[in-house]
Amino acid sequence: MKTERVIAFGEALIDRLGPPGGNPLYDLPVTDCFGGAPANVACALSRLGVDVSFIGSLGNDEIGRSFKDLLIERGINIAGLQSDTDRPSRIVLVRRDTSGERFFEGFEGDKGLGFADEAISNEQIIKDWPLIIENAKWLVMGTIPLASEISSSAFRGCIENAVHAGIKIAIDLNWRPTFWRNEVSEVMTPSLKEKNEIFFILKNVSLIKLAIEEAQWFFNTSEPLEISSSFPHRPSVVVTDGANPVSWLLNNHLGKSFAISIDSVIDTTGAGDAFTAGLIYKLLPLELDQISKQKAEEIIQFAIACGAYVCKGLGAIDPQPYKEDVDKLLSISNGGIS
């Protein structure tokens, strides 16, 4: 039964997947999949049975209309979904290697004004907020909206609204330099300006989830305790590393949880977002300061199973699991905790 709500804020877009080992810009066949980290998280949470609101912006185009239909089909509250008549929905070119790992190659569809997800309106959010906030306990965000001036204003406004309403904030660092720069860059390390944009908003969050390379780029360490200690409010921190163990700090409990093996990896797109959804799903009925070490281990292992399950299918959203799928995977896995 759906009760407490989660708000997901940020980009909804299309991942255009090239054939394994090929380039989606010119190699066929390509596959278009619904994506965007916050939209992925919203859809994954809803499939797990959580009441979710999504705040974002899509173009007034076929992609936008189809994505809206998907969100409605998943039972997601779209009171905060905006439609942009001037900018198209974004298409992200995703190259995959033969093992299923993906790399972002740039975008398609820009007609000169950028993309709809870059122009989420804070003024519209203020109008829609009473329809979004009811029973909300967590606000889940990625950092990509900070890369553009308009959506950055909306991002900061949402954080202020959440803090005022007593809603906990979870941030997936989700560093994607292609979104921040005018052209595809092979330099993954964030600049000082880019770091400062992100550090500014982390002072209000209760939970930071990031990949191990993001931890090194932004904090020069992959140790959750060191990352948490760099903030006065000591947030919980979860550091993922693909198929390698997950390091975590939840309510001052430290741990390392092992990955779950699956028979074949089709596509890793959206695995991290499914992990985030699993994490929030398990945290939703709890208070962070009341989590025991054993409960923390259960929470992380459930999240790992959510991420692993998504790798069995194509795209970020279609293969997302129901709770019974996760429970079954956990029951037959050899995953362990140390």
Enter the distance from [X]:[atom1] to [Y]:[atom2] here, rounded to the nearest 0.5 Å.
X	Y	atom1	atom2	result
Leu207	Leu279	CG	CG	5.5 Å
Leu13	Ser89	CG	OG	8.5 Å
Asp15	Phe34	CG	CZ	11.0 Å
Ile291	Leu250	CD1	CG	5.5 Å
Asn23	Arg95	CG	CZ	7.0 Å
Ser66	Glu73	OG	CD	11.0 Å

After noting the C-alpha distance and the side-chain angles of Leu249 and Val239, does the key distance pass the side-chain contact (heavy atoms from CB on, under 4.5 Å) rule?
-> CA-CA 9 Å; Leu249 174 74; Val239 180; over 6 Å; no
Could you please spell out the steps behind the salt bridge (charged side-chain N to carboxylate O under 4.0 Å, His left out) verdict for Glu298 and Lys282?
-> CA-CA 9 Å; Glu298 293 173 4; Lys282 296 295 282 186; 5.5 Å; no
Taking atom [atom1] as the centre, does [X] end up with more than 12 heavy-atom neighbours from other residues, nucleotides or ligands that are less than 6.0 angstrom away?
X	atom1	answer
Glu324	CD	yes
Lys195	NZ	yes
His164	NE2	no

Does any donor atom in the side chain of [X] or [Y] lie under 3.5 Å from an acceptor atom in the other side chain?
X	Y	answer
Gln216	Asn220	no
Ser152	Glu149	no
Ser230	Glu226	no
Ser257	Trp248	yes

Derivation and outcome, side-chain contact (heavy atoms from CB on, under 4.5 Å), residues Arg181 and Val187 = CA-CA 10 Å; Arg181 299 164 188 172; Val187 178; 4.1 Å; yes
Please report the C-alpha distance between Ile76 and Leu45 in whole Å, then the side-chain angles of each, then the deciding distance to 0.1 Å, and finally whether the side-chain contact (heavy atoms from CB on, under 4.5 Å) criterion is met.
-> CA-CA 9 Å; Ile76 294 169; Leu45 280 167; over 6 Å; no
Cation-pi check, [X] onto [Y] ring (under 6.0 Å, within 45° of axis):
X	Y	result
Arg90	Phe107	yes
Lys203	Phe199	no
Lys256	Phe258	no

Nearest non-hydrogen partners of [X] and [Y], listed with the distance:
X	Y	result
Ala136	Ile167	O-CG1, 3.6 Å
Lys312	Ile266	O-CG1, 3.3 Å
Val310	Gly315	CG1-O, 4.0 Å
Leu146	Glu197	CD1-O, 3.8 Å
Leu202	Ile171	CD2-CG2, 3.9 Å
Gly109	Pro88	O-CG, 3.1 Å

Treat each ILVMFWY residue as a node, draw an edge where side-chain heavy atoms are under 4.5 Å apart, and state whether [X] and [Y] are in one component.
X	Y	answer
Val163	Ile198	yes
Tyr322	Leu71	no
Ile63	Val30	no
Leu139	Phe200	yes
Phe9	Ile150	no

Is [X] salt-bridged to [Y], cutoff N-O under 4.0 Å?
X	Y	answer
Arg87	Asp84	yes
Asp61	Arg65	no
Glu287	Lys137	yes

Residues Phe302, Leu48; criterion side-chain contact (heavy atoms from CB on, under 4.5 Å); working and verdict | CA-CA 12 Å; Phe302 185 90; Leu48 289 170; 4.2 Å; yes
Would you mind reporting whether Leu288 and Leu283 have side-chain heavy atoms less than 4.5 Å apart?
-> yes
